[in-house]
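Written below as structure tokens is the structure these notes are about.
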Amino acid sequence: MKFGKTIGVDEAGRGPLAGPVFVAAVFFKKEPYFTAEIKDSKKISEKKRESVFEKIVSFEGSLFSITSVDHEVIDKINILEATKKAMKEAIIKIDNFKSKEIIIDG
């Protein structure tokens, strides 16, 4: 990841049969001190995820957004399109597609 040039995007909620899909986007203006702790959220404990989340949102030089699309929209446009919609909204909130690179997990 190129800090200061890359947005990272990930989703949650695509697996369940019902409910919203959530997307988070994060941009670090400089390399965070906790880089080694940023891993696949499914491979770390809930306590560790919460700790890393707090570091991300409080780190000077980070921009982040969290968006969701509810089940009614998912039913109308399907889960893939709903996920793309949420990703676009999350990215626009922090960057409006000005970054050179966007990395999407998945």
Side-chain angles (χ1 to χ4, degrees):
M1 178 183 263
K2 300 172 190 164
F3 297 100
K5 297 186 180 206
T6 306
I7 294 175
V9 181
D10 198 4
E11 54 72 31
R14 285 192 63 186
L17 293 175
V21 62
F22 286 86
V23 170
V26 67
F27 176 84
F28 294 112
K29 294 178 184 176
K30 59 184 179 181
E31 184 171 359
Y33 65 91
F34 51 89
T35 304
E37 296 178 67
I38 303 172
K39 299 179 181 174
D40 185 340
S41 63
K42 294 172 188 79
K43 294 182 180 180
I44 60 176
S45 69
E46 182 178 351
K47 184 176 180 179
K48 184 67 172 177
R49 280 193 308 271
E50 290 175 8
S51 170
V52 171
F53 174 77
E54 290 302 320
K55 290 176 183 178
I56 289 170
V57 300
S58 65
F59 182 67
E60 184 179 338
S62 73
L63 301 172
F64 72 94
S65 69
I66 299 171
T67 61
S68 67
V69 174
D70 68 27
H71 67 93
E72 291 172 348
V73 174
I74 293 169
D75 290 345
K76 287 180 186 173
I77 65 174
N78 77 48
I79 187 63
L80 177 59
E81 294 306 316
T83 302
K84 289 179 188 178
K85 176 180 173 35
M87 287 179 172
K88 289 175 187 175
E89 290 174 7
I91 293 164
I92 288 168
K93 282 183 181 179
I94 61 172
D95 187 65
N96 204 20
F97 294 98
K98 294 176 187 168
S99 290
K100 302 287 185 213
E101 186 174 309
I102 298 170
I103 297 174
I104 298 172
D105 185 19

Is the distance from the ring center of F34 to that of F59 below 6.0 Å?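 Ring centres of F59 and F34 closer than 6.0 Å.
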Taking the side chain from [X] and the backbone from [Y], do they hold a donor-acceptor pair closer than 3.5 Å?
X	Y	value
T67	A86	yes
S65	A90	yes
S62	F28	no

State, to 0.1 Å, how close [X] and [Y] come at their nearest heavy-atom pair, and which atoms those are.
X	Y	answer
V23	T83	CG2-O, 4.1 Å
K30	E60	CE-O, 3.5 Å
F27	T6	CD1-O, 3.3 Å

Side-chain heavy-atom pair D105, E11 within 4.5 angstrom cut-off: no
I'd like to check I104 versus M87 (side-chain heavy atoms, cut-off strictly below 4.5 Å). Are they in contact?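 I104 reaches M87 side chain to side chain.
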Just do the side chain to side chain contact (heavy atoms under 4.5 Å, CB included) check on V9 and I91 with the steps written out, would you? CA-CA 8 Å; V9 181; I91 293 164; 3.8 Å; yes
Before you tell me yes or no, could you show the steps for K93 and E89 under salt bridge (charged side-chain N to carboxylate O under 4.0 Å, His left out), namely the whole-Å CA-CA distance, both residues' side-chain angles and the distance that decides it to 0.1 Å? CA-CA 6 Å; K93 282 183 181 179; E89 290 174 7; 6.0 Å; no
V57, F3: one ILVMFWY side-chain cluster at the under-4.5 Å cut-off?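 V57 clusters together with F3.
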Apart from V21 itself, what residues make up its hydrophobic cluster, given side-chain heavy atom links below 4.5 Å? V69, V73, I74, I77, I79
What's the separation between atom [atom1] in [X] and atom [atom2] in [Y], rounded to the nearest 0.5 Å?
X	Y	atom1	atom2	answer
K76	H71	NZ	NE2	10.5 Å
D75	D70	CG	CG	9.0 Å
I7	I94	CD1	CD1	4.5 Å

Evaluate salt bridge (charged side-chain N to carboxylate O under 4.0 Å, His left out) for E81 paired with K84, printing each intermediate quantity in order. CA-CA 5 Å; E81 294 306 316; K84 289 179 188 178; 3.3 Å; yes
Heavy atoms of other groups near K55 NZ, more than 12 under 6.0 Å: yes
